[in-house]
Amino acid sequence: MGRAFVYVILGGGVAAGYAALEFTKNGVSPGELCIISEESVAPYERPALSKGFLLPEAPARLPSFHTCVGLNEERLTTKWYNEHGIELVLGTRVKSVDVKRKTLLTATGETISYKILVVATGARALKLEEFGVNASDAENVCYLRDLADANKLVGGIQSCVGGNAVVIGGGYIGMECAASLVINKINVTMVFPEDHCMPRLFTTKIADYYEDYYKGKGVKFVKGTILMSFEFDSSGKVTAVNLKDGSRVPADLVVVGIGIRPNTSLFEGQLSIEKGGIKVNGKMQTSNSSVYAVGDVAAFPVKMFGEIRRLEHVDSARRTARHAVSAIMKPEKTEDFDYLPFFYSRVFGLSWQFYGDNTGEIIHFGDYSGKCFGAYWVKDGILVGSFLEGGNKEEYEALSRATRLKPSVDNLTELENKGLSFSVEI
Ligand code: FDA
Ligand code: NAD
């Protein structure tokens, strides 16, 4: 015997928090909704973990960044869930799901049944072991996905001030953590296999700007190589990193950000999987009509590109979650999801935003030796993507609006000359 709910959200991250708020806005009754999360705290804004959480002075701490403060909405504390009659089952891993029977089995042995399930299991950080290197258990090797990781990293930072950190990976985690380590007065070496940072998004020219900025802050880059092995002291702490190019970098702290894998395993063989995620339609509904998927784990149709995509960014988690709940609670009034992909990052005093798709020809614009510059991506004569560093609110809004319109671009030189004003004037 177990408990039964009308709606169950599996996972307690960003998407779960925004889904819960949307359920209450749509009149869910007390006792109808349950959230089950492996984490021991109510849903929070995960992006804070690589930014405010790592600051040496006045760091961000819960409860200040529970969802849904990221979109200036209510902050949903444990008390809020209690007051709204939402069952929050924390610190509990779901170990199996039977979508035919509509039941979940928790690691504590409880069976929970649902009428509608929202899968919001997010993703897990890839471990070094998956690349054949054993060291993840060392006390000074850190990943960053959840609060437990962030607490371990803060401990690592505190015992490393003035020392050396090696950051493995040149993606989002690598760049944001490297900046936070520098702010904590730690010497940073970044190691990654590509020839420039943020290879999934940045052009070489954009990457050069950030790498130069980081170098100005003392960060060293070792590019085009990967980690081969670690050296340890007698207590099992890492003391140095050996790279494939034969070099050796001393390390008091290692931070690893080498990508993620969506948490789909509970559903493999039960739901359709595409692009590494759970495939959904424009209502965020999976191949089983009682199961919806949202956030990092969902592969959804991006209408404006006519393609199924899986995005790993907070805006997409928030909006797919809201959309799924709207489709569940108001099916007749909910159109197919029509999303403009939006990513952003903030490091040091820098701040960029990206909209759309980074495919096609690249047109750089603005002052790459100054504070405000950007790029457009033009595919088959249509503007499909845009990037801006150092813009203001109106400029970012203009970029977003222009990208959504997918305007034709006949003359690339004219676009380059117009730069940001192309979007502002549209
Ligand atoms: P999320 O990972 O948030 O939540 C998944 C939840 O499911 C977790 O609570 C997990 O414990 C739980 N779970 C999984 N399996 C389970 C099981 N079997 N049983 C029970 N619970 C289970 N994006 C961006 O656009 N800008 C930014 O600045 C940042 N910054 C950033 C920093 C850091 C440190 C990270 C790790 C990520 C970002 N991101 C970001 C990405 C963004 O945070 C991410 O896209 C969202 O958190 C995805 O939200 P989800 O709810 O899908 O997964
Ligand atoms: P990522 O995919 O952004 O970057 C992974 C990086 O790992 C690659 O760029 C590559 O440089 C490196 N790499 C791969 N294999 C390697 C190897 N064997 N040795 C050394 N380096 C290797 O992933 P991430 O940086 O780990 O970020 C994890 C998740 O968190 C992503 O989903 C990301 O979108 C999300 N995130 C987003 C933001 C943001 O949007 N601002 C911020 C932080 C995290």
Side-chain angles (χ1 to χ4, degrees), residues 9-19 35-51 53-54 67 70 89-97 104 106-107 118-126 128 130-133 143-150 153 167-177 180 190-202 222-223 225-228 243-244 255-266 277 293-298 310-318 320-321 341-347 352-354:
I9 302 173
L10 168 50
V14 171
Y18 282 78
I35 297 179
I36 312 172
S37 176
E38 198 168 1
E39 290 189 80
S40 57
V41 291
Y44 56 89
E45 303 283 0
R46 200 164 300 282
L49 297 183
S50 53
K51 304 174 189 70
F53 199 86
L54 302 181
T67 55
V89 182
L90 297 176
T92 304
R93 189 170 61 83
V94 167
K95 61 175 200 180
S96 65
V97 180
L104 303 97
T106 70
V118 178
V119 183
T121 46
R124 64 181 173 83
L126 274 175
L128 288 167
E130 298 176 61
F131 294 89
V133 180
Y143 294 84
L144 188 53
R145 183 71 203 179
D146 59 20
L147 195 62
D149 295 336
L153 179 54
V167 172
I168 310 284
Y172 289 91
I173 290 287
M175 292 302 278
E176 294 188 2
C177 287
S180 295
M190 292 190 71
V191 178
F192 49 85
E194 298 89 358
D195 56 11
H196 67 72
C197 68
M198 293 284 292
R200 287 204 291 159
L201 181 65
F202 286 1
V222 184
K223 303 192 274 187
T225 191
I226 53 166
L227 174 86
M228 286 301 281
L243 305 178
K244 198 175 180 184
V255 180
V256 185
I258 54 173
I260 60 162
R261 286 289 177 274
N263 290 319
T264 55
S265 59
L266 293 172
V294 294
D296 280 12
V297 78
R310 200 181 52 71
L311 300 177
E312 299 172 357
H313 295 275
V314 74
D315 184 67
S316 151
R318 292 167 179 158
T320 53
F342 164 52
F343 320 152
Y344 72 90
S345 182
R346 289 189 297 271
V347 284
W352 60 258
Q353 298 196 6
F354 169 84

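In each ligand, atom 1 is the first atom listed, and ligand 1 is the first ligand listed.
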For atom 1 (P) of ligand 1, which protein heavy atom lies nearest, and how many Å away is it?
R46 NE, 3.4 Å
Any heavy atom of L266 closer to ligand 1 than 4.0 angstrom?
yes
T106 touching ligand 1 at heavy-atom level, < 4.0 angstrom:
no
Is the shortest N/O to N/O distance between E39 and ligand 1 below 3.5 Å?
yes
Tell me the residues surrounding ligand 2, counting only those with a heavy atom closer than 4.0 angstrom, sorted by chain and number.
F131, I168, G169, G170, G171, Y172, I173, E176, F192, P193, E194, P199, R200, I226, G257, I258, G259, I260, E312, H313, Y344, S345
Closer than 4.0 angstrom: is that true for some heavy atom of S37 and an atom of ligand 1?
yes
Got an N/O contact under 3.5 Å between S50 and ligand 1?
no
Partner residues of A15 under the side chain to side chain contact (heavy atoms under 4.5 Å, CB included) criterion, sequence neighbours left out
A120, V294, A317, A321
Are any of the N/O atoms on V14, whether in the backbone or the side chain, positioned under 3.5 angstrom from an N/O atom of ligand 1?
yes
Looking at every non-hydrogen atom in both residues, tell me the closest pair between E39 and L147 and how far apart they are.
OE1-N, 3.8 Å
Within-shell test, I173 vs ligand 1, heavy atom, strictly < 4.0 Å:
yes
Pair R145 + E38: basic N to acidic O under 4.0 Å
no
Is it the case that ligand 1 has an N or O less than 3.5 angstrom from some N or O of S345?
no
Non-neighbouring partners of F53 that pass ring pair (Phe, Tyr, Trp, His ring centres under 6.0 Å), sequence neighbours left out
none
What pair of heavy atoms forms the shortest contact from L243 to L227, and how long is it?
CD2-CA, 3.9 Å
With a 4.0 Å cut-off on heavy atoms, does R346 reach ligand 1?
no
Min N/O separation R93 to ligand 1 under 3.5 Å:
no
With sequence neighbours excluded, what pairs up with H313 under the ring pair (Phe, Tyr, Trp, His ring centres under 6.0 Å) test?
Y172, F343
Is there a polar contact between ligand 1 and V314, counting only N or O atoms under 3.5 Å apart?
yes
For ligand 1, the portion of Y344 having any non-hydrogen atom under 4.0 Å away
both
Geometric N/O contact F343 with ligand 1, under 3.5 angstrom
no
